[in-house]
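Here's the structure, in structure tokens; my notes come after.
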Amino acid sequence: MQHDWSTLTIGEALRGTARRFPDRTALIGLGATLSFAELDRAADEVAHGLRALGVARGDQVALWLTNCPEWVVCWMACTRLGAVLVPINTRFKPDEVEYILAQSDARVLIAMDRYWDIDYLGMIRTMVPELDAATPGALAAARFPELRAVVAWGEVESPGTTHLAALRRAGAARIAAGDTLGPVDADDPVIIVYTSGTTGHPKGAVHGHVVLRNAANIARVMHIEPGDVILGHMPLYHVAGAFTACIPTVLLGCTLVTMPQWSPDEALDIIERERVTIFGGIPTHFIDCLDAIRRRPRDVACLKSAWIGGAPVTPDVAMASKNELGLRALQAVYGMTETTAATVFSEFDAPLEVLCDNKGRPIGDFEVIVADPIQGHPLPVGAVGEVRVRGHLVMKGYYRNPKATAEVITSDGWFRTGDLGVFDEAGYLKITGRLKEMFIVGGSNAYPAEIERLLQGIAQVKQAVVVGVPHRRLGEVGYAFVQLHEGAALSAEALVALARPMMADYKVPRHVSFVDEFPRTTTGKIQRFVLQKQARDRIAD
């Protein structure tokens with residue numbers, strides 16, 4: 001089906017799919033099943049409910065939910081209203097959430113009340129003590145001047161909050177009364193995905209409705225078709241879940257089966273029961289599934305294609321995944337939050353050696369070059385340089401951060417990925433390293449500056465330097481070199497225990513070494529490369 005990407009909005013894409021396939025199952029998860037007609041209606045009701053809380057076109061709506069049908073409903077509601085979704089990592093702690101709520105100017109926060117024995121509403125009350133005495137829609141919070149309401153996931157009666165079911169009822173009443181929503185433009189922002197930066201603070205990558213275009217590219221190269229069933233285990237707050245699972249579902253008419261948390265046995269059971277055809281994930285997910293299916297075989301012959309990325313793909317994992325999971329295609333992918341999740345893919349029928357070499361070709365009508373990192377000019381085939389991307393898949397910029405935007409998007413529109421790569425004679429791009437110091441823990445980006453800032457909030461810590469070291473299952477984990485204040489005492493175990501409540505679990509260092517001094521240059525700068533080598537040598541030993 002042909003689309004005009006310059007005018008199509010996500011809300012209109014869903015409307016069209018609901019007209020074509022009203023009774024087809026759109027969403028499955030947590031015991032609920034929604035058809036496309038039901039999803040379409042729910043999106044309208046929540047959109048009108050948000051409007052009743054004062055949310056207008058261009059306002060931000062923060063969403064702190066695990067993967068579930070309601071997550072998709074809330075995003076689709078925002079696309080109908082012209083509001084901008086701000087998904088929040090469900091593993092974040094109050095300090096991390098507080099920054100995003102404030103920086104994003106969130107108007108409404110939709111959040112879990114309690115899940116995984118975590119009291120999310122309790123955490124929210126520590127951030128927003130004014131909530132107890134508030135009226136939904138009229139909240140006045142000192143730390144969050146734009147925040148007007150907190151909406152709970154479940155039907156809980158909690159002071160100062162409303163809940164999603166009540167929001168839908170209010171929206172349905174407004175629809176019945178003849179209320180209509182204003183226009184939405186395809187160029188409007190539709191989502192802000194926060195990714196930590198080298199300054200130590202998260203940055204919000206702003207994307208518009210044109211993410212539909214790259215979702216169509218992903219669907220084309222993976223042979224995703226209407227009626228396919230997609231496993232939704234990748235977190236929807238991450239671009240991999242939002243752009244490679246959620247958007248293809250509403251654009252094409254697929255079924256998305258959401259998983260609130262990763263469990264390889266549960267994933268295999270779902271694949272067998274729901275006849276999942278499309279899968280994807282980091283190498284860790286495939287390693288876990290191989291271990292689980294060897295313990296207890298399942299019928300996963302329904303699987304058609306899967307993408308694998310986020311960390312290097314080793315030949316043993318690639319071959320075993322393709323053969324033992326019965327995949328017709330396993331495709332290497334490279335992309336970033338700022339480039340709509342997918343920039344290059346290996347082809348559906350690419351030779352296994354292409355996959356094992358982690359190579360792919362650009363998947364759409366946009367430009368990808370390997371450039372001289374300093375001068376910016378394109379380098380020839382075979383030369384290693386910085387990967388740069390230009391075109392529709394590049395974000396609009398970082399929300400309220402023009403300085404950071406200017407640092408990564410050149411005056412002529414090239415996005416500087418910070419990754420090193422090389423093109424070969426066949427047009428395949430291979431990523432060879434990173435200019436940035438970021439490391440990837442099980443598919444989640446971990447940024448040393450952010451972790452160091454949090455560690456240095458511990459009273460005994462004078463300074464910390466964090467580097468990534470190899471890990472068989474997760475790809476990389478953090479190794480912290482820590483200098484304590486004079487006279488302070490702290491064990492590695494105690495430091496890790498203090499760190500856990502301060503940051504998401506994947507950011508917590510797995511290894512800690514205490515140092516008296518850091519290796520420095522003659523100008524006093526810490527020599528990270530020396531510490532990196534020390535950490536890797538110690539891990540190897």
Side-chain angles (χ1 to χ4, degrees), residues 5-6 193 195 197-198 203 205-208 210-211 213-218 220-221 239 243-244 307-313 331-348 350-351 353-398 401-440 445 447 529:
W5 305 117
S6 66
V193 185
T195 178
T198 54
K203 295 176 294 188
V206 181
H207 288 280
V210 76
V211 297
R213 188 172 179 179
N214 218 42
N217 290 331
I218 293 166
R220 173 176 46 78
V221 298
V239 288
F243 297 155
T244 71
W307 60 262
I308 185 168
V313 182
Q331 298 168 262
V333 63
Y334 163 71
M336 301 180 69
T337 299
E338 293 89 342
T339 60
T340 322
T343 304
V344 303
F345 254 87
S346 60
E347 299 93 339
F348 190 87
E353 56 265 26
V354 170
L355 168 66
C356 294
D357 208 20
N358 298 275
K359 297 192 296 189
R361 290 188 173 117
I363 62 172
D365 186 18
F366 50 80
E367 300 172 271
V368 183
I369 61 170
V370 170
D372 180 286
I374 305 301
Q375 303 298 326
H377 57 75
L379 296 175
V381 166
V384 174
E386 183 185 33
V387 179
R388 297 189 178 187
V389 185
R390 182 167 66 180
H392 65 80
L393 80 170
V394 175
M395 66 173 181
K396 293 175 174 290
Y398 294 120
N401 199 337
K403 182 176 182 292
T405 301
E407 288 172 354
V408 297
I409 299 181
T410 66
S411 58
D412 52 353
W414 288 103
F415 173 70
R416 305 182 57 173
T417 67
D419 291 322
L420 295 170
V422 58
F423 273 110
D424 66 16
E425 294 285 354
Y428 286 108
L429 176 68
K430 177 179 173 61
I431 303 302
T432 60
R434 290 190 291 271
L435 289 172
K436 303 175 182 178
E437 297 161 349
M438 177 193 82
F439 54 97
I440 302 174
N445 293 351
Y447 293 82
F529 71 94

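Using a 4.5 Å heavy-atom cutoff, the side chains of M438 and I440 are in contact. A heavy-atom distance below 4.5 Å is not found between the side chains of R361 and V344. Side-chain contact between E338 and V408 is absent, with no heavy atoms from C-beta onward closer than 4.5 Å. For the pair I431/L420, no side-chain contact is recorded, criterion being any heavy-atom separation below 4.5 Å from C-beta on. Side-chain contact between V394 and I409: present, with at least one pair of heavy atoms (C-beta onward) separated by less than 4.5 Å.
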TODO: Evaluate side-chain hydrogen bond (donor to acceptor under 3.5 Å, both in side chains) for Y398 paired with E407, printing each intermediate quantity in order.
DONE: CA-CA 10 Å; Y398 294 120; E407 288 172 354; over 6 Å; no
- [ ] In sequence, state the C-alpha distance, the side-chain angles, and the governing distance for N358 and Y334, and then conclude on side-chain hydrogen bond (donor to acceptor under 3.5 Å, both in side chains).
- [x] CA-CA 8 Å; N358 298 275; Y334 163 71; over 6 Å; no
Open item on the list: Quick one, V206 with M395, criterion side chain to side chain contact (heavy atoms under 4.5 Å, CB included). Give me CA distance, side-chain angles, the key distance, then yes/no.
Closed with: CA-CA 6 Å; V206 181; M395 66 173 181; 5.7 Å; no
TODO: Check step by step if side chain to side chain contact (heavy atoms under 4.5 Å, CB included) holds for V333 and I308.
DONE: CA-CA 6 Å; V333 63; I308 185 168; over 6 Å; no
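Considering all non-hydrogen atoms of both residues, G427 and P362 come closest at O-CD, 4.3 Å. Closest approach of A205 to T337, counting heavy atoms only: CB-CG2, 4.0 Å. Between W307 and T244, the shortest heavy-atom contact is NE1-OG1, 3.6 Å. Shown here for V313 and L355, the closest heavy-atom pair between the two residues is CB-O, 4.4 Å.
Residues forming a ring-ring contact (aromatic ring centres under 6.0 Å, His included) with F366 (at least two apart in sequence, or on another chain): H392. Checked against side chain to side chain donor-acceptor pair (under 3.5 Å), N217 has the following partners two or more places apart in sequence or in another chain: N214, R220.
Remark: L393 CG to H207 NE2 distance equals 8.5 Å, nearest 0.5 Å. Expressed to the nearest 0.5 Å, how far OG1 of T340 lies from CZ of R213 amounts to 11.0 Å. We find the CG-CZ distance between L429 and F345 to be 13.5 Å, quoted to the nearest 0.5 Å. To the nearest 0.5 angstrom, T410 atom OG1 is 7.5 Å from R390 atom CZ.
At least one donor-acceptor pair closer than 3.5 Å links the side chain of Q331 to the backbone N or O of V221. Panel note: side chain S346, backbone G360; no donor-acceptor pair is recorded below 3.5 Å. In this structure, D424 contributes its side chain and A426 its backbone to a donor-acceptor pair below 3.5 Å. Not one N or O on the side chain of T343 forms a donor-acceptor pair closer than 3.5 Å with the backbone of G335. Counting only distance, with no hydrogens or angles, the side chain of T339 and the backbone of A341 share no donor-acceptor pair below 3.5 Å. Remark: side-chain polar atoms of K430 are not paired, donor with acceptor, to backbone N or O of G421 under 3.5 angstrom.
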Report, one line per pair, each donor and acceptor closer than 3.5 Å where one atom sits in a side chain of residues 375-387; sequence neighbours left out.
{"residue": "E386", "atom": "OE1", "partner": "R388", "partner atom": "NE", "Å": "2.9"}
{"residue": "E386", "atom": "OE1", "partner": "R388", "partner atom": "NH2", "Å": "3.1"}
{"residue": "E386", "atom": "OE1", "partner": "R416", "partner atom": "NE", "Å": "3.1"}
{"residue": "E386", "atom": "OE1", "partner": "R416", "partner atom": "NH2", "Å": "3.4"}
{"residue": "E386", "atom": "OE2", "partner": "G418", "partner atom": "N", "Å": "3.1"}

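The closest side-chain donor-acceptor pair between Y447 and T195 falls under 3.5 angstrom.
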